[in-house]
2 protein chains.
Amino acid sequence: MNILEKITQNQAAFSKSEKKVAEVILANPQTAIHSSIATLAKMSDVSEPTVNRFCRRLDTKGFPDFKLHLAQSLANGTPYVNRHVDENDSPDEYTNKIFESTMASLEVARQSVNVHVVNRVVDLLTQAQKISFFGLGASASVAHDALNKFFRFNVPVVYFEDILMQRMSCMNCSAGDVVVLISHTGRTKSLVEIAQIARMNDATVVGITSAESPLAQECSYVLSLEVPEDTDMYMPMASRIAQLTLIDVLATGFTLRRGNKFRENLKRVKDTLRGSRYEKRGD
Amino acid sequence: MNILEKITQNQAAFSKSEKKVAEVILANPQTAIHSSIATLAKMSDVSEPTVNRFCRRLDTKGFPDFKLHLAQSLANGTPYVNRHVDENDSPDEYTNKIFESTMASLEVARQSVNVHVVNRVVDLLTQAQKISFFGLGASASVAHDALNKFFRFNVPVVYFEDILMQRMSCMNCSAGDVVVLISHTGRTKSLVEIAQIARMNDATVVGITSAESPLAQECSYVLSLEVPEDTDMYMPMASRIAQLTLIDVLATGFTLRRGNKFRENLKRVKDTLRGSRYEKRGD
DNA sequence: ACACCAAATGTAGTAAAATTACAACTTGAA
DNA sequence: TTCAAGTTGTAATTTTACTACATTTGGTGT
């Protein structure tokens with residue numbers, strides 16, 4: 001298990017001084033592996049034994065062993081960790097932190113995706129008479145994006161931002177229709193209601209939401225994404241990126257299921273854009 | 001450079017005792033990284049300084065440093081690579097490929113971002129009288145998302161999907177207004193025209209687009225993102241994720257610039273959602 | 001075959017690093 | 001206030017790595 005992630009996750013369980021150590025290490029793990037316990041203690045402004053205890057808390061045998069684990073984590077593909085933005089961060093720092101924590105979240109999301117459900121949902125979508133994408137707030141733009149992908153497939157696709165339109169649209173559903181509802185928390189009342197309306201009218205309801213949420217309970221299928229969100233920012237960030245990527249997965253599954261001829265069709269759709277663009281040499 | 005390979009290659013240049021050490025390490029590198037210099041010396045049937053010299057010959061600072069290098073070599077996990085989806089991929093395969101190549105693209109994007117421009121644009125945005133976000137096609141949902149972020153900041157924000165509305169809106173611009181235009185290719189004619197209109201009316205035009213594109217040339221500031229796109233899919237995927245992340249960066253920069261009191265305000269905005277949601281225990 | 005030199009290796013002492021044991025603080029509840 | 005549990009630091013100890021120097025090895029020229 002990646003020890004950098006472990007540090008981030010356990011952060012709550014650390015004591016005051018241990019948090020200082022965690023901070024220093026996360027801020028610059030490359031420096032950490034080349035420091036002695038004394039240097040690191042000084043940098044963190046704690047005593048040497050505290051650093052040692054910190055290492056043990058992370059199930060390592062001691063400081064040198066900890067450094068080995070850390071070195072491996074750094075070499076191990078992703079050094080990306082969900083580091084929270086700090087008030088005093090420079091533009092360089094917050095830019096990198098956001099990119100990195102987005103990548104880290106995607107990694108978490110990837111692991112939480114249930115591939116069997118993905119496959120089943122792709123099945124449903126390819127056979128759907130009509131596909132609807134609904135979301136509110138930040139998830140509205142995700143639904144918007146889904147519309148942009150799926151309309152290319154020459155299937156009737158519906159997307160509304162307005163909750164009344166969403167409700168009415170769901171009232172008109174019938175068997176064979178698929179309604180995809182997007183919500184990070186899965187607690188938005190009107191979306192839960194929409195799920196109920198759609199199901200009453202025999203539509204299949206797919207939720208891209210948090211497992212065990214009220215919304216999840218009303219869905220026929222749930223594509224759950226467990227993504228840590230930096231609540232300090234009071235804005236949905238990582239969650240919607242994960243949702244969008246999942247939409248990509250569904251769209252890709254769709255095209256693969258439809259086979260090669262269908263891809264030709266997508267190419268034609270894309271090619272019609274040419275007239276609206278300035279030529280690129282060799283395009 | 002992988003130190004295990006280095007050992008194998010240099011083997012000829014080693015002395016007799018050094019060869020013994022190399023052998024023992026290559027035979028069981030996992031054991032080696034958890035041994036002390038004394039243990040390793042005994043296992044190789046040489047003296048401790050010989051082991052130390054062996055380490056230095058491989059351009060490391062000493063035995064502990066050597067162990068770090070070795071640990072990293074062993075943890076040689078594949079970093080995320082842009083692997084293209086293949087026709088015959090299973091759901092498991094294409095799901096993972098998409099997540100991984102999205103992460104790889106974000107890494108590329110991160111490196112291509114010019115932090116100075118980010119900082120300058122954040123400056124402009126915090127001082128703007130009015131901010132507009134425009135995009136077409138897939139970039140429309142990115143602009144939509146930007147709207148969702150920036151309206152929370154209590155600044156006049158404008159977003160239209162309709163190109164006529166976009167044009168008219170830009171005609172009404174004046175000095176102090178910022179227009180953010182989003183386009184992966186930067187070749188969409190109507191967006192380039194909008195850039196021109198906005199500039200004619202003294203607005204500052206920020207492009208989130210490809211460097212050196214026709215759109216980039218019309219912008220006051222360009223936040224260029226060089227993201228590889230899997231053209232086989234005929235759909236924009238990675239590019240818009242990178243754009244969204246950049247929007248997150250700008251929004252974050254904005255809130256940081258505005259300081260702590262402003263964050264309180266964001267919290268209040270978020271808290272108003274509570275009434276629209278089902279309660280979560282302990283929330 | 002012997003002496004000699006350079007390279008290689010080992011020994012023993014030294015310095016540095018990590019760990020332990022214990023003492024001195026905090027903190028929160030009775 | 002006092003006590004106990006938990007946290008942190010100080011100082012001594014142990015382990016580990018490194019250095020300086022001594023010894024050995026193996027090769028070369030006489």
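Note on naming: letters A, B, ... go to the chains in the order of the sequence lines (proteins, then strands), and numbering restarts at 1 for each one.
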With Phe54(A) via ring-ring contact (aromatic ring centres under 6.0 Å, His included) - residues at least two apart: Phe14(A), Phe66(A)
Does [X] make a side-chain N or O approach to OP1 or OP2 of [N] shorter than 4.0 Å?
{"X": "Ser17(A)", "N": "dT8(D)", "value": "yes"}
{"X": "Arg56(B)", "N": "dT19(D)", "value": "yes"}
{"X": "Thr50(A)", "N": "dT7(D)", "value": "no"}
{"X": "Ser36(B)", "N": "dT15(D)", "value": "no"}

Any donor-acceptor N/O pair, Ser73(A) side chain to Ile3(A) backbone, under 3.5 Å: yes
Donor-acceptor under 3.5 Å (Ser90(B) side chain, Glu93(B) main chain): yes
Selected nucleotide, minimal atom distance to [X] side chain, candidates [options]:
{"X": "Asn52(B)", "options": "dT7(D), dT9(C), dA17(D)", "answer": "dA17(D)"}
{"X": "Ile37(B)", "options": "dC18(D), dG26(D), dT7(D)", "answer": "dC18(D)"}
{"X": "Pro49(A)", "options": "dC18(D), dT16(D), dG9(D)", "answer": "dG9(D)"}
{"X": "Lys16(B)", "options": "dT19(C), dT8(D), dT9(C)", "answer": "dT9(C)"}
{"X": "Lys67(B)", "options": "dA17(D), dT8(D), dT19(C)", "answer": "dA17(D)"}

Nearest whole Å is fine: how far is [N] [atom2] from [X] [atom1]?
{"X": "Asp45(B)", "N": "dG10(C)", "atom1": "CG", "atom2": "C1'", "answer": "12 Å"}
{"X": "Phe54(B)", "N": "dA8(C)", "atom1": "CZ", "atom2": "C1'", "answer": "16 Å"}
{"X": "Leu68(B)", "N": "dA17(D)", "atom1": "CG", "atom2": "P", "answer": "12 Å"}
{"X": "Lys61(A)", "N": "dT20(C)", "atom1": "NZ", "atom2": "C1'", "answer": "16 Å"}
{"X": "Arg57(A)", "N": "dT8(D)", "atom1": "CZ", "atom2": "C1'", "answer": "12 Å"}
{"X": "Lys20(B)", "N": "dT9(C)", "atom1": "NZ", "atom2": "C1'", "answer": "10 Å"}
{"X": "Phe66(B)", "N": "dA17(D)", "atom1": "CZ", "atom2": "P", "answer": "12 Å"}
{"X": "Glu48(A)", "N": "dA21(C)", "atom1": "CD", "atom2": "P", "answer": "17 Å"}

Thr50(B)-Ser47(B) side chain donor-acceptor pair, cut-off 3.5 Å: yes
Exercise: identify the closest heavy-atom pair between Ala238(A) and Ser105(A): CB-OG, 3.3 Å
